[in-house]
Amino acid sequence: EAQVTQNPRYLITVTGKKLTVTCSQNMNHEYMSWYRQDPGLGLRQIYYSMNVEVTDKGDVPEGYKVSRKEKRNFPLILESPSPNQTSLYFCASSPTGTNTEAFFGQGTRLTVV
Amino acid sequence: QKEVEQNSGPLSVPEGAIASLNCTYSDRGSQSFFWYRQYSGKSPELIMFIYSNGDKEDGRFTAQLNKASQYVSLLIRDSQPSDSATYLCAVNPNQGGKLIFGQGTELSVKP
């Protein structure tokens, strides 16, 4: 089954404790992206990757890191999480860039206390 | 001014009516435009994308783009209660990988 898989689905952590949210797709898509969704603000793009070893900042990259060492995986790293990073996070992939259908993961609800 | 703006709603329409969802964007050079649907507690799913001025139809959905007015809309004909969801407009400003979303419009279709 074609899918984008995020883990974990739910995470509660403490301020400053490094964490990684994994994202994996099995569709051989070139493009992958991370978003956060907050009430009243909609979806905001954090980082995106057009292909392996190519990543770029979205609108809200501060406090986040990503890497794209292989096509299927695009982990989101929070080196020192803060409470303002409490949010619902989505990973998405599409065959090539944003001009084609995007598949979203199930979401990761992160709470930083 | 927000880069992509939508009325947050809720927009309420009776079953069988036409629902009209609107979106404006600020970057005149924007190239591609997308409509996503998001059910409560679920992930967004792509409904349609449009690049050229005019209308694009897919089943009960029609996307309309007017680049001169920086306006894109989504019409849902014969609205069904199952269409009740939040609809997200997204804009790709420059053919790269960046995607900017509006805050979404909540649609409620009453039986």
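Hydrogens, waters and symmetry mates are skipped; everything else that's a heavy atom, side chains included, is used.
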If you group Ile, Leu, Val, Met, Phe, Trp and Tyr by side-chain heavy-atom gaps below 4.5 Å, do [X] and [Y] land in one group?
| X | Y | value |
| --- | --- | --- |
| B/Leu75 | B/Met48 | no |
| A/Phe104 | B/Phe49 | yes |
| A/Met32 | A/Leu88 | no |
| A/Leu11 | A/Ile46 | yes |
| B/Val13 | B/Leu74 | yes |

Any side-chain heavy atom of B/Leu99 sitting closer than 4.5 Å to one from A/Tyr35?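 A side-chain contact under 4.5 Å exists here.
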Applying side chain to side chain donor-acceptor pair (under 3.5 Å), name anything that partners A/Asn51, two or more places apart in sequence or on another chain.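 Per chain and number, A/Asn51 pairs via side chain to side chain donor-acceptor pair (under 3.5 Å) with no residue.
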B/Glu45 side, atom CD; A/Phe103 side, atom CZ - distance, nearest 0.5 Å: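 It is 11.0 Å, given to the nearest 0.5 Å.
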Inter-residue atom distance B/Lys98.NZ - A/Tyr48.OH, 0.5 Å rounding: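 Going from NZ on B/Lys98 over to OH on A/Tyr48, the span is 6.5 Å.
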Looking only at heavy atoms, which two atoms of A/Gly107 and B/Ser43 are closest? And how far apart?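 Smallest heavy-atom distance, with atoms named: N-OG, 4.4 Å.
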Heavy-atom closest pair, residues A/Ala102 and B/Tyr36: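 Looks like CB-OH, 3.6 Å.
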Contact part of B/Gln6 toward chain A, heavy-atom cut-off under 4.5 Å: side chain, backbone, both or neither?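 For B/Gln6, no heavy atom lies under 4.5 Å from chain A.
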Whether A/Gln45 side chain and B/Gly97 backbone form a donor-acceptor pair below 3.5 Å: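 Side chain of A/Gln45 to backbone of B/Gly97: a pair is present.
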Among A/Leu43, A/Asp59, A/Leu41, find the residue that satisfies the side-chain contact (heavy atoms from CB on, under 4.5 Å) test when tested with B/Phe101.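 Of all the options given, the one that passes is A/Leu43.
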Any chance you could lay out the side chain to side chain contact (heavy atoms under 4.5 Å, CB included) test for A/Gln37 and B/Gln38, step after step, and finish with the verdict? CA-CA 12 Å; A/Gln37 188 170 35; B/Gln38 186 175 26; 2.8 Å; yes
Restricting to salt bridge (Lys or Arg N to Asp or Glu O under 4.0 Å), what partner residues turn up for A/Arg44, sequence neighbours left out?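 Result, salt bridge (Lys or Arg N to Asp or Glu O under 4.0 Å) vs A/Arg44: A/Asp38.
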